[in-house]
Every structure is written in C-alpha cells, then in structure tokens.
Amino acid sequence: MSTETVTEVFVEHRPVLMGVAYRMLGRVADAEDVVQEAWLRWSGADRSDIRSPRAYLVRVTTRLAIDRLDRIRSRNEAYVGPWLPEPCATDLAGTVPDVAERVVLADSVSMAVLVVLESLSPLERAVFVLREAFGHPYADIAATLDRTESGVRQLAARARRHVAEKRPRYEVDPAQQRDLTERFIAAAVEGDLEGLMSLLAPDARLVGDSGGRAQAPLRAVESADKVARFLLAVAGKGLSDMSLRFMEINGGPALLVLSGGRPDSVFQLDVAEGRVQCVYIVRNPDKLVSLSADR
C-alpha cells in the first residue's frame, strides 16, 4: 500500500473515527487527539495482514478512547460547576441521507444522551457507542475489546438499561423541535414569562456549564418557574454587540450566542412530548472554540 493510499484510506474513515471518539469522550479536542494517535498507529503499522482497514481503525480508536477516559474523568472531578459535553456542530441532514439512520445518530450524539453516558464504565460506553450509534455486530465489538461475545451482550444490555432509565427515548420531530426552540428563545428575548412557562415541563431543569470561566449557575436550576425566571433575568442583562445564530449542534437545533462576533454561549433544549424537559447552556470558552463565528 503506497503512502498516498494509506492517507486516502485514513481520510475516508476519519469521520467515523471522530464520531466514535467524540461519543466516547464528549470533547472535540480529546477526540481529535485520539484520532491523531490512531493515524500514527495506522501509518506505522504492518498493514500486510489487515483485511479491513475500517475495523482496524475503529478498534484502535476505541481502545485509545477507553485509555483516555480515565484521565478525563480525573480532570472532570475538579471541574467547577456542572459538566456538559463540548458542543459539536453537526450536519446530519446534509451528510446522512437516510432519515432513520439520521435519527439514531442524532440521538446518540445529543447532549442528554452524552450526559448519561458519562455515568457508564468505559467498557459499557464503548459497547453502547459501537452498537447503538454505529450498529456494529456483537462479534466485531467483542474482537475490538478483546472480550467474549456473551460478555459484550451483557455489557450492552446493562448500558441500554441504564440509559433508558436516565433518558427514556422519545420520538421528536426535527421540525417541531426547531419550531419549539425558536418560540422558546423568542419568549425569553421578549421577556414573556407566560410564554416560557407554557413551553416548559413542570419539572424542567436548566444546567449551565461554565467551568468557572464565565457566569453560570453552579447547580442545576429546578422547576419550570425557576428556569423561566432565571432565563428572563439573563436575557434582561444582554451582551455587548450581541447576535444570534441557529445551528445544528449535537444533532439538533441550538442557538449560538455571539458577543462581538465571538461565541459566548450555546443554548440547546431537550424536548419530549411537546415540552422542554431541560435547558442546556454551555459558556465555558474552552468548549466553544470549535464554533467559530466564520463557520
């Protein structure tokens, strides 16, 4: 295999590798580091006995991500305030033509699911990502993780049960979610308390991630009334030279707030049964680097 072919093969599979690494780690920079390390392994490997480059690369990436999870979790234990995954700009409608596949991918990369995945063990998380997001056969996952197929099935069942308990799956129409998001943001900007309350589930929550680098609540805000009043107080303060941009982030509609042309925060809603269940706000500037204003 020529050097050019080696590079072409890796570039072809890189989106899948990033998808696996990001779902495993919840941070774009960490995922990029893992994929770069996978490239070094691939470029320096003896490829004469590699029958499936994709399987080899997914296996290497998954194992590297598992190794990295321990370091990340130690770092997150010292994190100031709630931790949320780094927002990741997506374009599933433009890159995944199959609607059913797009729904699965969007759910697997959503803020709500990634938060739940943080509570899984590294092996459970790897099995869940490979099986639920990418549909890998149990036998292939077992080979990737050096586990028996029966052991992998047990890990998958445990992970699915945990995710279902923490985050029941709801069918959400993308157009309805976009409409609800726009109405929610409009109500917040206009100071419409009744409008916000009508869109929030009674037990709605708001989770803000600043890492101690920006203003955000250090604990989750609980109940529709408190969430609505908090959002109105924030909207009332405003930002200098503020602009708003709707984007697809983590597989769903989100609002990127810019101040002076620079990303200031990301708002995204977890929607179920026509109501907002949770409002996610990411303000840690380190987690907004990839959402540059010129995207």
Side-chain angles (χ1 to χ4, degrees), residues 81-82 84-85 87-90 92-93 106-107 109-115 167-210 214-285 287-288 291 293 295:
L84 289 173
C88 179
T90 52
L92 297 180
D107 187 63
V109 80
S110 70
M111 281 275 182
V113 168
L114 290 177
V115 168
R167 177 45 166 91
R169 178 175 290 181
Y170 297 94
E171 295 297 328
V172 180
D173 177 71
Q176 181 189 47
Q177 186 177 10
R178 170 69 184 247
D179 176 67
L180 194 151
T181 299
E182 291 180 345
R183 287 191 289 130
F184 189 85
I185 296 301
V189 172
E190 294 167 6
D192 182 0
L193 179 61
E194 289 187 9
L196 283 177
M197 293 290 292
S198 70
L199 299 173
L200 286 162
D203 58 349
R205 304 170 70 242
L206 181 146
V207 181
D209 177 337
S210 70
Q215 288 189 335
L218 294 178
R219 296 184 181 85
V221 179
E222 309 277 354
S223 85
D225 180 69
K226 291 181 180 178
V227 169
R229 293 184 185 281
F230 174 85
L231 288 172
L232 291 184
V234 170
K237 294 179 180 178
L239 292 171
S240 61
D241 191 19
M242 184 180 74
S243 59
L244 307 177
R245 177 181 302 166
F246 277 98
M247 299 177 63
E248 181 185 291
I249 291 177
N250 290 81
L255 182 73
L256 173 63
V257 179
L258 303 162
S259 177
R262 293 189 173 189
D264 174 85
S265 50
V266 165
F267 285 73
Q268 190 162 46
L269 309 180
D270 183 26
V271 176
E273 300 180 331
R275 293 287 189 93
V276 176
Q277 307 294 320
C278 189
V279 180
Y280 297 108
I281 305 176
V282 180
R283 298 205 68 209
N284 184 339
K287 294 186 176 183
L288 303 176
L291 302 177
R295 285 185 66 92

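Computation of the quantities below employed the complete heavy-atom set of this structure, encompassing side-chain atoms and omitting hydrogens, waters and symmetry-equivalent molecules.
Side chain of R275 to main chain of L200: a donor-acceptor pair is present (N/O by atom type, distance under 3.5 Å, no hydrogens or angles). Side chain of T90 to main chain of G251: a donor-acceptor pair is present (N/O by atom type, distance under 3.5 Å, no hydrogens or angles). With hydrogens and angles disregarded, a donor-acceptor distance shorter than 3.5 Å links the side chain of Q268 to the backbone of G252.
A224 and A201 make their closest contact through CB-O, 3.4 Å (heavy atoms, listed as atom of the first residue, atom of the second, distance). When every heavy atom of I249 is checked against every heavy atom of P87, the shortest pair comes out as CG2-CB, 3.8 Å. When all heavy atoms of G195 and A187 are compared, the pair lying nearest together is C-CB, 4.2 Å. Across every non-hydrogen atom of L114 and N250, the tightest pair is CD1-ND2, 3.6 Å. When all heavy atoms of L288 and S265 are compared, the closest pair comes out as CD1-N, 3.7 Å. P263 approaches L256 most closely through the heavy-atom pair CB-CD1, 4.0 Å.
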Pair Q277-V271, side chain to side chain contact (heavy atoms under 4.5 Å, CB included): steps then yes or no: CA-CA 6 Å; Q277 307 294 320; V271 176; over 6 Å; no

Derivation and outcome, side chain to side chain contact (heavy atoms under 4.5 Å, CB included), residues L291 and V266: CA-CA 9 Å; L291 302 177; V266 165; 3.5 Å; yes

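Note that the CG atom of D179 and the CZ atom of F184 stand 13.5 Å from one another [nearest 0.5 Å]. We find the CG-OG distance between D203 and S223 to be 9.5 Å, quoted to the nearest 0.5 Å. Between the CG atom of L196 and the CD atom of E190 there is a distance of 9.5 Å, given to the nearest 0.5 Å.
With salt bridges taken as basic N to acidic carboxylate O contacts below 4.0 Å, none links D209 and R283. A salt bridge does not link D270 to R205: none of the charged side-chain nitrogens sits closer than 4.0 Å to a carboxylate oxygen. For K226 and E222, the salt-bridge test fails: no basic side-chain N is under 4.0 Å from an acidic carboxylate O.
Counting heavy atoms from C-beta outward, M111 and P85 have side chains that approach closer than 4.5 Å. Under the 4.5 Å side-chain criterion, counting only non-hydrogen atoms from C-beta, V207 is in contact with C278. Counting heavy atoms from C-beta on, the side chains of V257 and M242 come closer than 4.5 Å. Within the 4.5 Å cutoff, the side chain of Q177 has heavy atoms near those of the T181 side chain. At least one side-chain heavy atom of L232 sits under 4.5 Å from a side-chain heavy atom of L193. Y280 is not listed as a side-chain neighbour of L206, based on a closest heavy-atom distance of 4.5 Å or more. The shortest distance between side-chain heavy atoms of V279 and I281 falls below 4.5 Å.
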